[in-house]
Amino acid sequence: MTLDKQLAKTPLKYRRYFRWKYKLPVRGRVYVDRPLEEIMRIDGVKNKETYYSWEKTEQYKHLIDLLIQSHAANDLIDMYNAMLDKAKKGDARAVNTVIKLQKSIAQNIKQNTNNNIIEDDEEEEDDLII
């Protein structure tokens with residue numbers, strides 16, 4: 001599951017706080033920096049402890065894991081491009097690294113494709129009785 005899909009399932013006040021805390025854009029719009037007090041006012045939250053308590057939940061931890069995973073994917077692209085440049089210049093170790101990365105990426109794509117097929121099948125069930 002992607003970070004955006006998981007955030008969509010998160011209550012609005014926590015979703016807005018999470019996006020504020022990690023400066024995440026909303027629907028492609030540029031992040032606008034606001035004070036926490038403004039976020040609290042918008043959501044009707046009276047005490048910061050509401051957010052701090054939520055940060056101790058499994059839901060929050062899962063969102064953090066997804067956030068880190070998305071950053072890791074971007075870092076992997078940067079590393080791949082750096083290794084590819086070295087490999088094109090003839091660095092034998094870089095060539096081996098690029099080949100390993102390509103195999104790993106191909107495996108991940110295959111695994112994610114299989115997982116997405118399973119998730120799509122699950123989403124089609126609507127529990128309607130005919």
With no hydrogens and no angle check, do the side chains of Q59 and W54 hold a donor and an acceptor under 3.5 Å apart?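 Q59 vs W54: donor-acceptor pair found between side chains.
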Is there a side-chain contact between [X] and [Y] (heavy atoms, below 4.5 Å)?
X   : Y    : answer
T57 : K61  : no
Y51 : I39  : yes
L36 : W20  : yes
T2  : L66  : no
L84 : L101 : no

Going from [atom1] on [X] to [atom2] on [Y], what distance comes out if it is rounded to the nearest 0.5 angstrom?
X   : Y   : atom1 : atom2 : answer
R15 : L12 : CZ    : CG    : 5.0 Å
T10 : H62 : OG1   : NE2   : 9.0 Å
E58 : L63 : CD    : CG    : 11.5 Å
D75 : I68 : CG    : CD1   : 11.0 Å
R34 : R41 : CZ    : CZ    : 8.5 Å

Are [X] and [Y] joined in one hydrophobic group, where the rule is that I, L, V, M, F, W and Y side chains link up if heavy atoms are under 4.5 Å apart?
X   : Y   : value
Y80 : I99 : no
M83 : I77 : no
V32 : I42 : no
V26 : L67 : no

State, to 0.1 Å, how close A87 and A94 come at their nearest heavy-atom pair, and which atoms those are.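 The pair with the smallest heavy-atom distance is N-CB, 3.6 Å.
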Can you name the closest pair of heavy atoms from Y60 and E55 and give their distance?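 What the structure gives for the nearest pair is CD2-O, 3.1 Å.
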Check the pair Q107, K110 against side chain to side chain contact (heavy atoms under 4.5 Å, CB included), reporting the backbone distance first and the verdict last. CA-CA 5 Å; Q107 275 184 316; K110 186 176 181 179; 5.7 Å; no
Cationic N near anionic O, under 4.0 Å, K48 to E37: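 Yes, this pair counts.
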R19 and D4 ion-paired at < 4.0 Å: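 Salt bridge: yes.
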[X] (side chain) donor-acceptor with [Y] (main chain) under 3.5 angstrom:
X   : Y   : answer
T97 : R93 : yes
S53 : T50 : no
D43 : V45 : no

Count the heavy atoms of every other residue, nucleotide or ligand shown that sit under 6.0 Å from NZ of K21, and state whether that count exceeds 12.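 Count over threshold, so yes.
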Below 6.0 angstrom between ring centroids: does that apply to F18 and Y14?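 No; Y14 has its ring centre 6.0 Å or more from that of F18.
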